[in-house]
Every structure is written in structure tokens, then in C-alpha cells.
Protein chains: 2
Amino acid sequence: MITNMENIKNLINNKGVKPTFHRIKILEYLMAHKNHPTVDKIYEDIVKSIPTISKTTLYNTLKIFVDKGIITELTITGSETHYDMKHGDHHHFYCTQCKQIFDVHSNCSYDCNMKESVDGNRIDSYQCYYKGICKNCLKINVI
Amino acid sequence: MITNMENIKNLINNKGVKPTFHRIKILEYLMAHKNHPTVDKIYEDIVKSIPTISKTTLYNTLKIFVDKGIITELTITGSETHYDMKHGDHHHFYCTQCKQIFDVHSNCSYDCNMKESVDGNRIDSYQCYYKGICKNCLKINVI
DNA sequence: GTTATTGCAAAATATTTGCATTATA
DNA sequence: TATAATGCAAATATTTTGCAATAAC
């Protein structure tokens, strides 16, 4: 039987990254929290179980994961970077009122994963996002 | 005869913003420089003709223009915000090597301007961008 | 035992804020 | 003159860096 931790370890290993304890724990966290956390949020949560972890390690590790294509960084707000496990094709919706980022599964035919280049430029990644007011905030505003 | 400055003045006025000298000059700059400048770049250029202008005014003005939908802010790199006049429907390509942002006129059928909402969330703006190596850098790398 | 990882503190960078000054209608 | 815009300096927020301590293999 392969444990979840073994799976994560393998995933990191397969990308050519040494699966240290911290790295496994950080990826484990991101797999369990697909609500696009910031560095601060990840730190705040993860420091409870690993009191000695530092933000520098977090920054280091997240950068490595992004470079290796394990996770995606979302630079939507202009202030903090949000992080997201790669999980299926989806876009993002940023609510300018409650400041949350939601996954949206738009049925548009735009799928850049199928493209390798545009206008002769080599595409390595892409991102689409919307900004507006989410349905929850719309409801609250009406009342 | 309506001068260019008159046109810019009217554009600002029509959005309910008082067209001060600085605001006109900043918009004039953005209309003439559609290469997605940062605050620093705009300041560096504009301070030559208006030596007394401050970065605070630049930040203030750009924020107003964004809020009023006159310009778009591009938060692609995660560090500096880039600014872009609204001009036709296009996406952006960020070259991770030369750090430049290019317009790309993708022929995909993805046009969120036609949508008012997604999954019940109200869309106010949207952005799509690619990251990769631009054709110029690809050429240089080969040599 | 050597090399990579980690953690601390300081530095760097970008943006925002408070408030006094200046311009504008 | 009243109101809004501007500019300075300080504060804030986020991320990066240098280097010493530690851990991993």
C-alpha cells in the first residue's frame, strides 16, 4: 500500500527535486488547500504543525515548485502572489469585494494548453482570470 | 479644429474625472506608449517634460484611470504593475527572458467581453496572458 | 564529510498613507 | 474661499539576498 505521503514524495522526485520533509509538507498542504492561498496564509497554517519552518523556506520551495511546473502562481491582485496546485483546466475569478479567488469552469473553447506558440512566441504557461463581484457578495449587497 | 489635447481632455471628462494638467499629460503619455510601461518607466519619461510631477500623483492618477475603466492594469510579473490603454481586444505575452510584454492578437474564440457573468459571478474585467520566450529571444538563443 | 537545504536578519522593491502645500473653479 | 489635487516623507507590505547553522545522503 502506497501512502499519500509516498505519492507526494514520488511526485516531487519525478520532477527532479529532492523530497525533503518541508517540501513534502508544503506540497501536501497545497494539495489539501486548493483555495489559492498566499505565502502568509500557507505560513500561518503550516507553522502550527511545523513550528520551526521559516518563510524563506516557503519562498524557496514555492519558487522551485513553480519552476518545475508542479504548481501555478497567480498574480491577479497586484499585491500578494497566490498559489495553486495544477489540477485540470480552469480559469479564476477574483472578487474585488471579498478578495477571494474562485475556480471557474468556463465552457469557452479557449484552451491554450493545446497551443505551443502564438505569433512565433513560445508559450510555457498561460493564465486567464476575471475580476468582478462574486455571487455571494452580489447576494449580500442586495439585502 | 479639435486638438489631440482636447480629445484627451474630453475622454477624461466623459468618465467623470476632472481633467487636470497632470492627468491629461499622463493619459497622453499612455496613448503614445502602448508598450505596457511600469510606474517607474512612466515617471522616468514624464518627469523630463514635467519636472515637478511626483510619483504619488502618478499612482493616484493611474488608480483613478483604472477605476474608471480608461486603462487596464497588467499584473503579470508579480513585481511591478504594467499599464495599458484600452485598445481593441487583445491578449498579452510576457517574455521571461527579456521581460517585455507584447500584444498578441490571438484568433481564439474566447471573448469575455461578450459575457456579463460566469457561474453567477458578475464580471467587471478579464485578462488573459501567456508566459514564455518571445520570438526575438528564441532567435538569439539559437545563435 | 561534502553538498544542499534551511533560517535569521537585513536589504531591496513597490506601493500606500498622512498631512501640509498648492492649485483650481 | 472652499474643495480637490498634488508632493513630500514616512510607513507598509512583499519578496529577495547574504551568510551562518543545520540537515541529508
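These numbers come from the heavy atoms of this one structure, side chains and all, not from hydrogens, waters or symmetry mates. Reminder, nothing fancy here: chain letters follow the sequence lines and each chain counts from 1.
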- Answer whether the closest heavy-atom distance between the side chains of A:Ile101 and A:Tyr129 falls below 4.5 Å. no

- Task: Rounded off to whole Å, could you give me the CG-to-C1' distance for the A:Leu62 and C:dT6 pair?
- Result: 14 Å

- Inspect the contact between B:Asp45 and B:Lys41 and indicate whether a charged nitrogen and a carboxylate oxygen are less than 4.0 angstrom apart. yes

- Whole angstrom value for the distance that separates P of D:dT16 from CG of A:Asn60: 9 Å

- For atom CD1 of B:Ile46 and atom C1' of D:dT6, their distance in whole Å: 14 Å

- Message: Tell me if the NZ atom of B:Lys131 is crowded by more than 12 foreign heavy atoms within 6.0 Å.
- Response: yes

- Task: Quickly work out the A:Ile12 CD1 to C:dT5 P distance and round it to whole Å.
- Result: 12 Å

- Message: Expressed as a whole number of angstroms, how long is the span from A:Leu74:CG to D:dT15:P?
- Response: 12 Å

- Note on the structure: Of A:Lys18 and B:Val39, the one whose nearest nucleotide on DNA chain C sits closer to the 5' end is A:Lys18

- Tell me: CD of B:Glu73 to C1' of C:dT16, nearest whole Å? 14 Å

- Which residue, B:His90, B:Lys34, B:Gln127, forms the side-chain hydrogen bond (donor to acceptor under 3.5 Å, both in side chains) with B:Asp84? B:His90

- Message: Tell me if the NZ atom of A:Lys63 is crowded by more than 12 foreign heavy atoms within 6.0 Å.
- Response: no

- What is the ring orientation for B:Phe102 with B:Phe93, classed by angle as parallel under 30°, tilted 30 to 60°, or perpendicular over 60°? tilted

- Query: Expressed in angstrom and rounded to an integer, what is the separation of B:Lys9 atom NZ from C:dA25 atom C1'?
  - Reply: 12 Å

Could you go through nucleotides 8-14 of chain C and list every protein N or O atom that sits under 3.5 Å from one of its N or O atoms, giving the distance for each pair?
residue: C:dC8; atom: N4; partner: A:Thr56; partner atom: OG1; Å: 3.0
residue: C:dA14; atom: OP1; partner: B:Glu80; partner atom: OE1; Å: 3.3
residue: C:dA14; atom: OP1; partner: B:Glu80; partner atom: OE2; Å: 3.4

- Message: Other residues, nucleotides and ligands only: do more than 12 of their heavy atoms fall within 6.0 Å of NZ on B:Lys86?
- Response: yes

- Whole-Å distance separating the NZ atom of A:Lys55 from the P atom of D:dT17: 17 Å

- Query: Taking the side chain of A:Thr57 as heavy atoms from C-beta outward, which of D:dA5, C:dT6, D:dT6 is closest to it?
  - Reply: C:dT6

- Item | Of residues 21-31 of chain B, the positions that come close to DNA chain D - non-hydrogen atoms, cut-off under 4.0 Å | B:His22, B:Arg23

- With B:Glu80 as reference, evaluate B:Val39, B:Thr75, B:Asp40 under the side chain to side chain contact (heavy atoms under 4.5 Å, CB included) test and give the passing residue. B:Asp40

- Side chains of A:His36 and A:Asp103: donor-acceptor distance under 3.5 Å anywhere? yes

